[in-house]
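Data block below; observations after.
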Amino acid sequence: MFSAKSATLLISRVSPEGEAIAGEADLRGWDRLRAAVLELRDVKLTLTLSRRGQVVLAEGEMQILGSVVCERCLGAMPLSLRVPLRVGIGESEAVVAACDPELDAVITANGSLDLQTWLEDEALLALPMVPRCDVWVEGPCSVSNMVPPQVIN
């Protein structure tokens with residue numbers, strides 16, 4: 001089993017029988033995600049790794065907890081995401097496509113994957129483009145209790 005706090009993942013270290021990555025990610029270097037959210041509380045990872053020749057198949061999910069700014073009321077909105085992950089990790093897109101053309105390719109540098117950068121990329125891609133409280137229509141927001149500013153023409 002590999003730790004989700006690991007900085008790198010070496011493809012050569014994944015045994016043919018399979019491995020797992022589990023636990024909390026190392027958020028110390030996740031500056032891009034921190035800049036995109038109000039608060040980042042926790043990122044947990046559960047991945048199974050299986051070897052298919054030169055490619056490692058990674059399947060599982062990432063759970064992200066924090067808060068973002070609601071674009072409707074401008075208040076703090078809870079963020080709770082479950083991000084499914086199913087990728088092929090290999091030296092080139094061609095190698096991953098030869099293994100399984102349905103897989104998203106994650107490219108390594110000399111068989112080494114910067115695990116935290118890849119996980120942060122996946123988290124950024126999973127963020128809502130326009131975060132909005134689900135049930136708010138008018139008056140104070142039921143999530144943040146904020147009153148949106150009035151727009152006067």
Side-chain angles (χ1 to χ4, degrees), residues 1-11 13-14 18-50 55-90 92-93 96-97 100-153:
M1 178 184 284
F2 296 101
S3 169
K5 291 188 183 290
S6 298
T8 59
L9 173 66
L10 298 173
I11 291 179
R13 288 274 176 100
V14 177
E19 302 282 350
I21 298 178
E24 295 179 10
D26 183 2
L27 302 178
R28 290 178 292 177
W30 289 39
D31 298 331
R32 295 174 298 145
L33 185 60
R34 285 192 192 285
V37 298
L38 282 177
E39 176 190 21
L40 181 60
R41 283 195 305 271
D42 192 25
V43 176
K44 291 183 182 171
L45 185 68
T46 307
L47 277 179
T48 57
L49 305 174
S50 57
V55 176
V56 170
L57 174 63
E59 294 182 284
E61 78 174 13
M62 182 170 30
Q63 298 173 2
I64 304 167
L65 296 175
S67 63
V68 294
V69 174
C70 171
E71 294 295 327
R72 282 190 181 129
C73 70
L74 303 179
M77 181 181 89
L79 177 71
S80 177
L81 297 174
R82 288 188 181 270
V83 182
L85 299 171
R86 185 174 187 274
V87 300
I89 304 169
S92 70
E93 286 188 41
V96 174
D100 184 344
E102 298 295 316
L103 292 175
D104 287 333
V106 176
I107 309 305
T108 66
N110 299 320
S112 178
L113 175 65
D114 183 335
L115 185 62
Q116 298 306 313
T117 299
W118 170 59
L119 293 174
E120 185 182 24
D121 288 346
E122 293 289 345
L124 285 164
L125 290 169
L127 290 176
M129 290 181 74
V130 182
R132 291 184 291 227
C133 302
D134 291 336
V135 294
W136 180 80
V137 178
E138 62 183 355
C141 174
S142 62
V143 175
S144 67
N145 215 19
M146 306 241 338
V147 177
Q150 296 295 321
V151 177
I152 300 173
N153 290 333

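Bear in mind that the values here come from a model prediction, so they are computed numbers and not experimental data.
- Side-chain contact between Ser3 and Asp26 is absent, with no heavy-atom pair separated by less than 4.5 Å.
- Other residues, nucleotides and ligands contribute over 12 non-hydrogen atoms within 6.0 Å of the CD atom of Glu39.
- The pair Glu59-Arg86 meets the salt-bridge criterion, with a side-chain N (NZ, NE, NH1 or NH2) lying under 4.0 Å from an Asp/Glu carboxylate O.
- Around CZ of Arg13, the count of heavy atoms belonging to other residues, nucleotides or ligands within 6.0 Å does not exceed 12.
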Report the C-alpha separation of Asp100 and Val55 in whole Å, then their side-chain angles, then the decisive distance to 0.1 Å, and conclude whether the side-chain contact (heavy atoms from CB on, under 4.5 Å) test is met.
CA-CA 10 Å; Asp100 184 344; Val55 176; over 6 Å; no

Would you sort out whether Asp42 and Glu24 count as a side-chain contact (heavy atoms from CB on, under 4.5 Å), showing the intermediate values?
CA-CA 7 Å; Asp42 192 25; Glu24 295 179 10; 3.6 Å; yes

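- Contact between Glu93 and Ala105 at its shortest, heavy atoms only, is CG-CB, 3.9 Å.
- Here the straight-line distance linking atom OG1 of Thr108 with atom CG of Leu10 works out to 9.5 Å at 0.5 Å rounding.
- Ile107 approaches Ser92 most closely through the heavy-atom pair CD1-C, 3.4 Å.
- For the side-chain contact (heavy atoms from CB on, under 4.5 Å) test with Val96, the passing option among Leu103, Leu57, Val56 is Leu103; the others fail.
- Atom CG of Leu47 and atom CG of Leu9 lie 9.5 Å apart (nearest 0.5 Å).
- How far OG1 of Thr8 is from CG of Asp114: 8.0 Å, rounded to the nearest 0.5 Å.
- In this structure, Leu40 CG and Leu27 CG are separated by 5.0 Å, a value rounded to the nearest 0.5 Å.
- Taking the side chain as every heavy atom from C-beta outward, Asp121 and Val106 never approach each other to under 4.5 Å.
- Rounding to the nearest 0.5 angstrom, the gap separating the CG atom in Leu119 from the CD1 atom in Ile21 is 7.5 Å.
- With Gln116 contributing its side chain and Ser6 its backbone, the two residues share a donor-acceptor pair below 3.5 Å.
- Side-chain contact between Leu79 and Met77 is absent, with no heavy atoms from C-beta onward closer than 4.5 Å.
- Glu120 meets the salt bridge (charged side-chain N to carboxylate O under 4.0 Å, His left out) test with Arg32; sequence neighbours excluded.
- At least one side-chain heavy atom of Leu33 sits under 4.5 Å from a side-chain heavy atom of Leu127.
- No more than 12 heavy atoms of other residues, nucleotides or ligands sit less than 6.0 Å from atom NZ of Lys44.
- For the atom pair CE of Met1 and OG1 of Thr48, the computed distance is 11.0 Å after rounding to the nearest 0.5 Å.
- Every salt bridge (charged side-chain N to carboxylate O under 4.0 Å, His left out) that Glu61 has, sequence neighbours left out, goes to Arg82.
- At a threshold of 4.5 Å between non-hydrogen side-chain atoms, the residues Leu115 and Phe2 do not count as touching.
- Shown here for Cys70 and Arg132, the closest heavy-atom pair between the two residues is SG-CA, 3.7 Å.
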